[in-house]
There are 2 protein chains.
Amino acid sequence: MQDAPKATLPEGGKARRVYLLLRDEITGGRFGPGAVIPGEQKLAEQFAVSRVTIRRALDGLEADGLIARRAGSGTTVIGGGQAGPAISADMTTLIPQLVEMSARTEARMLSFAYGPPPVAAARALGLTEGQKVQTAIRVRLIEGQPFSHLTTHVPEAIARHYSEGDMATTPLFRLLERSGVRVDTGHQTVSAALASPDVADALEVSVGTALLSVRRVVRDADGRGVEYLSALYRPDMFRLEMDITRVGEGGARHWEPVIAPEAESEAAPA
Amino acid sequence: MQDAPKATLPEGGKARRVYLLLRDEITGGRFGPGAVIPGEQKLAEQFAVSRVTIRRALDGLEADGLIARRAGSGTTVIGGGQAGPAISADMTTLIPQLVEMSARTEARMLSFAYGPPPVAAARALGLTEGQKVQTAIRVRLIEGQPFSHLTTHVPEAIARHYSEGDMATTPLFRLLERSGVRVDTGHQTVSAALASPDVADALEVSVGTALLSVRRVVRDADGRGVEYLSALYRPDMFRLEMDITRVGEGGARHWEPVIAPEAESEAAPA
DNA sequence: AATATCTGTACTATGTATCATACAAATTTT
DNA sequence: AAAATTTGTATGATACATAGTACAGATATT
């Protein structure tokens, strides 16, 4: 919906790259709705390409319904374009999130196998050489639209307690707890990554799209690693939101996340 | 350092895109150090390009010292490659962060002006038509290496209390408080974005690199918007880290961020 | 020792996206 | 009404990356 312009731009070309960049700025909010974006001539200079190329990129954006062009006047960003992400995870109120999440979304299994873990996962989980893990790659969809690409690694001994079918219906942390694991702590790293061909395909976005990356290591009460998650999210459908507040005095004055804000205050701003 | 391979790849070409994607997967940890990456033939299929093109991309990675190639054996990821980000902001322990931050980094002003705000900022800050804001674009560096691109919008009435020069030395939130603003709450949105030419130039990365995007609205005790921040971070130099813990029982069981973990436990894992 | 796999190297031909340029039409500004 | 700005349309030439292919060298596997 957001991706794949009608008149598909050449896969490896500059026009497409410009198209992706501009789209990113529009949906990302750098150009708000109604804003007049620079003229084609100026854009051509900024991106160091010819006006023809800019033009092709704009064609794509127009086909996507993101911009409106008027000869003589200029090109403007369509208002309705940025309807905001379908899902926004509030780091501090994950409670309603999870419930809502399971209800509104479904998971599709792309790959499921037991084998040696990637080095990064092995180290994070503290596995010894030769230990196998269950590696599952899933895509999560909301209303038929894919929004996240999940790769999980679980030590074989734990993973054997549930089946492949279970993963399509039940959140992994619940499966783990059902398997007798006392899920306790986790460590998350949030970053950004590009969509590689396989991921792009699964998420139905262009190769080279910017994705939000979350990597999580989960440990049980004894500190043993029980899950290694690598998630990639479409930024146009999913965002991390958090409220922060200013606390402390003097030199120790700093920001702190708000843990439990008003219960059901659904964010959903512009 | 991470960017700009010696034998510069053609700017608009496929080879460069493949190079960026592969580099992203390596530095992003998808291929851990020591891991053997697929053969050139297989990569060529995956990316749907010729082997020559894959080869060119690998040349770039090799020049960056990210991979080692051995005829007959294959191509492996260099261990030292992912030394981890220079800075990792722990959402939950921002106290030492800020101090360390100011000490180790410097800010370079790219642009400074008063004028009408972009629509997105105007709405977020709740400004009325015609109200001007101070718009400052800065780049933050650590040890001479740029790692973040900051665009701030502050209502003119507030911004007039400090000077352009102040921004190079003092964190903005401190300037605001010095101006009599009672900084109180904020709302953050974390996402991902692509590096546009101007940003890429400032951060010394390739155009089209994936960046971590943080957008923050800050309000005073009366709920008035006092600052609109749009920050872009290089994922290879900056990450958001957070510890989470599992709390609650039964249906209400969920994750929650850990607010005050052991004081100085510097993360810096693999 | 033989075989398979992988990287290293070289060459040509093809395609096609890109550029440069010019002019027309629509709109805003003076 | 005139001038300036902006999008719309068209075309031809060129450059340059890409694909395809073939073979040699290195290493691992059997």
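So you know, we letter chains A, B, ... as the sequences are listed, proteins then strands, and number each from 1. When reading the values below, keep in mind they use all heavy atoms of this one structure, side chains included, and skip hydrogens, waters and symmetry mates. What you are looking at is a predicted structure, and each value in this text was computed from that prediction instead of being measured.
The two atoms that bring A:Leu212 and B:Leu212 nearest to each other are CD1-CD1, 4.0 Å, heavy atoms only.
Between the CG atom of A:Leu43 and the P atom of D:dG8 there is a distance of 13 Å, rounded to whole Å. Residue A:Arg56 contributes atom CZ, which lies 15 Å from atom P of D:dT9 at whole-angstrom precision. Atom CD of A:Gln41 and atom P of D:dG8 are 14 Å apart (whole Å). Atom C1' of nucleotide C:dC6 and atom CD of B:Glu45 are separated by 14 Å, given to the nearest angstrom. One interatomic measurement links the two molecules: CZ of A:Arg69 to P of C:dT27, which rounds to 15 Å at whole-angstrom precision. The interatomic distance linking A:Tyr19 (OH) with C:dA17 (C1') rounds to 18 Å, in whole Å. The distance between atom CG of A:Leu61 and atom P of D:dT7, rounded to the nearest whole Å, is 13 Å. B:Ile54 has its CD1 atom 15 Å from the C1' atom of D:dG20, to the nearest Å.
Contact annotation: A:Thr75 side-chain N/O to D:dT6 OP1/OP2 distance is not under 4.0 Å. Regarding contacts with the backbone of D:dT6, every side-chain N or O of A:Arg70 stays at 4.0 angstrom or more from both OP1 and OP2. For C:dT5, neither phosphate oxygen OP1 nor OP2 lies less than 4.0 angstrom from any side-chain nitrogen or oxygen of B:Lys42. Contact annotation: B:Arg16 side-chain N/O to D:dA17 OP1/OP2 distance is not under 4.0 Å.
Applying the side chain to side chain contact (heavy atoms under 4.5 Å, CB included) test between A:Val205 and each of A:Asp201, A:Val207, A:Leu203 identifies A:Leu203 as the sole match. The side chain to side chain contact (heavy atoms under 4.5 Å, CB included) test with B:Tyr228 singles out one residue from B:Leu125, B:Val218, B:Thr152, B:Thr135, and that residue is B:Leu125. Screening A:Arg108, A:Arg140, A:Met237, A:Glu204 for a side chain to side chain contact (heavy atoms under 4.5 Å, CB included) with A:Pro146, the sole residue that qualifies is A:Glu204.
For residues 153-162 of chain A, the pairs satisfying salt bridge (charged side-chain N to carboxylate O under 4.0 Å, His left out) are A:Glu156-A:Arg160, with sequence neighbours left out.
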Test side-chain contact (heavy atoms from CB on, under 4.5 Å) on A:Leu20 and B:Leu194; report intermediate values, then the result. CA-CA 8 Å; A:Leu20 284 176; B:Leu194 293 175; 4.2 Å; yes
Let me see the working for B:Glu164 and B:Arg138 under salt bridge (charged side-chain N to carboxylate O under 4.0 Å, His left out), right down to the final yes or no. CA-CA 11 Å; B:Glu164 177 177 350; B:Arg138 289 172 300 166; over 6 Å; no
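Residues A:Arg16 and A:Ser206 have side chains that bring a donor and an acceptor to within less than 3.5 angstrom of each other. Using modelled atom types and a 3.5 Å distance limit, the side chains of B:Asp59 and B:Tyr19 yield no donor-acceptor pair.
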For nucleotides 9-15 of chain C, read 5' to 3', which letter fits each nucleotide if B means a protein heavy atom sits under 4.0 Å from the base, S means only the sugar-phosphate is that close, and - means neither? B------
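Taking the C1' atoms of five terminal pairs at each end of the helix from C:dA1-D:dT30 to C:dT30-D:dA1, the two resulting helix axes are inclined by 40°, rounded to 10°.
Mapping A:Ser50 and A:Ser73 onto DNA chain C via the closest heavy atom, the residue that lands nearer the 5' end is A:Ser50.
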